[in-house]
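The chains referred to below are lettered A, B, ... by the order of the sequence lines, with proteins before strands, and numbering in each begins at 1.
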There are 2 protein chains.
Amino acid sequence: MQIELKPFQALTLWKEIAISEVRDDAHDLTMRQLAVLLTVYLEPPPHTIRGMAAKLKVTKPVITRALDTMGGYGLVDRHRDEKDKRNVLVKRTVKGALYVEKLGDLVIAKARGLPL
Amino acid sequence: MQIELKPFQALTLWKEIAISEVRDDAHDLTMRQLAVLLTVYLEPPPHTIRGMAAKLKVTKPVITRALDTMGGYGLVDRHRDEKDKRNVLVKRTVKGALYVEKLGDLVIAKARGLPL
DNA sequence: CGAGATCATTTCGGTTCCGTATCATTTTAT
DNA sequence: ATAAAATGATACGGAACCGAAATGATCTCG
């Protein structure tokens, strides 16, 4: 992963990834859902609804709905926090891990293909 | 260690950008809209509805609606092709160019901030 | 000239998402 | 014990989007 990107190259990378995501659109995630998904898989737990809402500067229902949708896809899971039963902890799934891993491969492949 | 770090960095970059976009959500573009926008601004014209639909492998109404929304934001413009009045040519705007430029700066800034 | 092809848009019914406000449950503090 | 606070989910009306199909305008070509 070269870090010395010029503006046009950086945008081309972003464009190629966006187009790839749109094309073989397995799940049609929105930007918000993607931000939630990557937060869950890249940052250390625990992940609560309130915490993620604060991190993304969105309201709690946005996170709840994103988890509803992605939970339906099997990309994330939810469990009550036994220590504090008001909290809900977002958990990773095998399917979600595979999806994220594939996305990482895509970013790398596209970055490698850039004329640097 | 280094081998596993590369995908993680790539995903972290993608995550940081997604979160930034969600946070200061000037326009709340979807992935499809973003793909359309970047295609218009990074690839040489002309850009027709049919051409972009084919490129993104989506139906034409998807492109039409994306242009409706982004046109409302002032990010793109449309004109009839005078050579073939069936066609509509997508045009760039000053506002859209600024938005794309800012996005490029964001990608670069986030890439630069990655721990190599 | 006229039939068919091409292109973008609109329409349709249905789904999803939005933000605000409210609700139910659980914890904390008095 | 009980009131207040905290947390996530849900209700609601409105907006945006979906794919498929229909529409209107324009072009092509026999």
Rounded to the nearest Å, what distance is computed from the [atom1] atom of residue [X] to the [atom2] atom of nucleotide [N]?
| X | N | atom1 | atom2 | result |
| --- | --- | --- | --- | --- |
| A:K57 | C:dG19 | NZ | C1' | 18 Å |
| B:D81 | D:dA25 | CG | P | 18 Å |
| B:Y73 | D:dA15 | OH | C1' | 11 Å |
| B:R80 | D:dA25 | CZ | C1' | 7 Å |
| B:K91 | C:dA8 | NZ | P | 14 Å |
| B:L56 | D:dC18 | CG | P | 11 Å |
| A:M31 | C:dC18 | CE | C1' | 17 Å |
| B:K83 | D:dT28 | NZ | P | 12 Å |

Inset, instruction - Please figure out whether B:D68 or A:T69 has its closest DNA chain C nucleotide nearer the 5' end. - result: B:D68

Legend entry - First encountered from the 5' end of DNA chain C, between B:L67 and A:E82: B:L67

Legend entry - Pair B:D81 + B:K83: basic N to acidic O under 4.0 Å: no

With respect to the side chain of [X], which nucleotide from [options] is positioned closest?
| X | options | value |
| --- | --- | --- |
| B:R78 | C:dT27, D:dA9, C:dT9 | C:dT9 |
| A:T64 | C:dC18, C:dT9, D:dT10 | D:dT10 |
| B:R50 | D:dG8, D:dA21, C:dC7 | C:dC7 |
| A:V62 | C:dC7, D:dT7, C:dC18 | C:dC18 |
| A:R86 | D:dA6, C:dA8, C:dG19 | D:dA6 |

Any [X] side-chain N or O less than 4.0 Å from OP1/OP2 of [N]:
| X | N | value |
| --- | --- | --- |
| B:R32 | D:dC18 | yes |
| A:N87 | D:dA6 | no |
| B:Q33 | D:dC17 | yes |

Inset, instruction - Hey, which sits more toward the 5' end of DNA chain D by its nearest nucleotide, A:R65 or A:V88? - result: A:V88

Inset, instruction - Specify the residue among A:T48 and B:T30 whose closest nucleotide of DNA chain D lies further upstream toward the 5′ end. - result: A:T48

Inset, instruction - Using only heavy-atom distances, decide whether a donor-acceptor pair under 3.5 angstrom links the side-chain of B:K85 to the base of D:dA25. - result: no

Legend entry - Heavy-atom check, side chain of B:L11 versus side chain of A:V100, under 4.5 Å: yes

Inset, instruction - Give, for atom CD of A:Q9 and atom CD of A:E16, the distance between the pair rounded to the nearest 0.5 Å. - result: 12.5 Å

Inset, instruction - Would you give the length of the straight line joining atom CG of A:L29 to atom OG1 of A:T69, rounded to the nearest 0.5 angstrom? - result: 9.0 Å

Inset, instruction - Could you tell me whether a side-chain N or O of B:R92 sits under 3.5 Å from a main-chain N or O of B:V76, the two making a donor and an acceptor? - result: no

Legend entry - B:R80 side chain vs B:R86 backbone, donor-acceptor pair below 3.5 Å: yes

